[in-house]
Amino acid sequence: MLTENLKKAPFRKGDIIVYLVLAVAVLALFLTAGVSKKSLGFTAELSGNRVMEGDFEDKSVNFDSRYVQKIGEDVYKITSEKGYNVIFIDWQNNDIKVTETDCGTSKECTFMSLKSGDIICAPHSLIIRSLEREPIPIVG
Amino acid sequence: MCIYSKINKLIYKRLSILLILALALPLFGCNKSQDVALLGSPVTFYIATGVTEGSLPYDSLKYDLNGLTDRFNGIFSVEDESEISLYNTENGETVKISEDFYYVLSVFKDLYVKTQGAVNPQVKLLVDLWGFSKRYTEAGYYPIYPFDRERLNDGGFCLPNDKYITAFKNLADFSLLKIYEDKGYFVKKPQLSVTVDGVTYYSQLDLASAVKGYYLDKATEVFKKYDAKQYFLSAGGSSMYLYGKVWDLQITNPFSENREGYLSVKVENEFVSTSGTYENCYLLDGVKYSHIIDGNTGKPTESNIVSATVIGDSGILTDILSTALVNMGTEKAVDFMKTYPDYDYVLINADKSLTASVDVTYL
């Protein structure tokens, strides 16, 4: 049945659009489907410099007060000359959410979750990265 | 054609294309990690900050690292077409070599003199004679050279014939090799040969005790290019570079068959190399024979040091020195390292005593 129909159905110009849509859809599936991984902690970097780090296991936070201020319960404001991002640390779910920012109209970082990968605010050069246990270097 | 037939035709055609795409896509997946192997040993790295795994700079970094590894393998590996293999089979008196080859030889020339022969790259035939060449670890080994030995029932070998030990030791006079620059880089091969039972042998080079360290010297330039801020890089597990913060580096336990940590030492922005008699050795009649050959005796080292770690600002130097210290033994090694005051060392002795110029912690 399949072979017969393939033979009977000649290739048409309009089919190109269908195939392209299908290819993009499948590609998007590969690129975006992620596996949530258990995060043991996180770091926040501004322009590659670490300004904050937290440990989900012992619920501790360290930060550089020149760039980070605690403004509420588990809420921190990260500020640079490019702007600010307010983050909420969800200790229960080992997650970080950006709740407020002035990084433009799209504010894509507010839709990101640490469970799915790094949270990136490109206009502010901010990356919030999930930390798994760091490997131990061993020589010999 | 009825409507159901038309729909059927449409569905089957689209589904078949979708199926082909879904099956084919993994072949074109991005961020495919590729194993990088330097002289058959893995090159691994971990970047803590500066370059994110999966990003374009990360992929570019790996690509550049692969290119560097290919270049080094093309010069220093034991593969037939490598530069060193061609050198070893070249019968001519003067051979043109690459700048990398020349540089490694120049460092060896300097340290051969300073260590009074405790490090010697002109021992390839001795390494092979004692059973530490790659062909001995491959399945299907069988004797092909007059000096080869049959395998014993337990998989090992009897000791090599003394006449070959003496003959090949005579080929290990590295002072006779000369290098020079003249609109290119050249090496004047030592005109050394020995004839045993009618077969003539010539001196050959084995630069393995320097290549991993030198590779790291070059690899750090790649990491700098992509602005990796905190990372460590390992070539074959025995040479490393640690950068960007104070790392708690573990030194392997030489008394255990598992590759577990034994000591911890703090390292920041430095190269580290470890050589040891435990890495590649065999037992025969209760005596351990190590792959570290002493060119002065023509035999595996009889040193009391089972593991020597050197820490400093040059990959090639830490690599070569770690081997030299093993051959020297503890007393001479400690004395020798006074000539390198900016370098640190950790010597683990056969009786489990420790001699170190830096603070270490037992794990």
Side-chain angles (χ1 to χ4, degrees), chain A residues 1-12 14-35 37 41-53 116-120 122 125-140, chain B residues 1 5-6 8-18 21-22 25-26 28-30 44 46 48-55 227 229-230 232-234 237-240 242 247-254 259-265 267 272-276 278-279 307-309 322 348:
Chain A
M1 179 74 159
L2 174 66
T3 314
E4 279 175 17
N5 282 331
L6 279 176
K7 279 181 187 171
K8 288 177 187 172
F11 187 80
R12 295 199 185 93
D15 287 352
I16 295 176
I17 298 170
V18 176
Y19 301 147
L20 275 175
V21 169
L22 286 170
V24 169
V26 175
L27 191 64
L29 198 64
F30 271 92
L31 291 178
T32 60
V35 178
K37 51 188 179 183
F42 69 92
T43 60
E45 295 172 13
L46 279 173
S47 301
N49 298 308
R50 189 176 292 194
V51 298
M52 184 175 187
E53 58 188 15
S116 301
D118 295 342
I119 295 174
I120 300 171
S125 302
L126 170 69
I127 299 178
I128 302 175
R129 207 190 301 267
S130 170
L131 274 185
E132 295 179 333
R133 203 174 300 280
E134 190 169 76
I136 298 171
I138 181 167
V139 69
Chain B
M1 190 186 296
S5 176
K6 283 184 182 175
N8 230 1
K9 183 175 67 177
L10 192 68
I11 288 172
Y12 275 117
K13 187 175 175 186
R14 270 57 172 181
L15 278 178
S16 63
I17 299 296
L18 179 61
L21 279 173
L25 262 175
F28 302 96
C30 50
T44 58
Y46 169 74
T49 60
V51 182
T52 307
E53 187 171 348
S55 66
D227 203 25
K229 290 183 168 35
Q230 294 175 346
F232 63 79
L233 170 64
S234 168
S238 57
S239 287
M240 297 187 72
L242 302 98
W247 294 89
D248 287 315
L249 172 69
Q250 294 188 3
I251 298 174
T252 298
N253 186 346
R259 196 170 178 268
E260 62 200 26
Y262 184 60
L263 301 170
S264 179
V265 59
V267 179
V272 184
S273 289
T274 298
S275 290
Y278 61 94
E279 293 171 295
S307 167
T309 299
S322 65
I348 304 174

Is there side-chain contact between [X] and [Y], with at least one heavy-atom pair below 4.5 Å?
X       : Y       : value
T252(B) : I138(A) : yes
V51(B)  : D227(B) : no
Q230(B) : R50(A)  : yes
N49(A)  : K229(B) : yes

request  = Please determine, among S273(B), G237(B), S238(B), the option with the most heavy-atom pairs under 4.5 Å with chain A.
outcome  =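 Of the options given, most contacts go to G237(B).
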query = Do the rings of W247(B) and Y46(B) sit parallel, tilted or perpendicular, given the 30° and 60° boundaries?
reply = perpendicular
Between [X] and chain A, which part of the residue has a heavy atom less than 4.5 Å away: side chain, backbone, both or neither?
X       : answer
Y278(B) : side chain
T52(B)  : both
S307(B) : neither
E260(B) : backbone

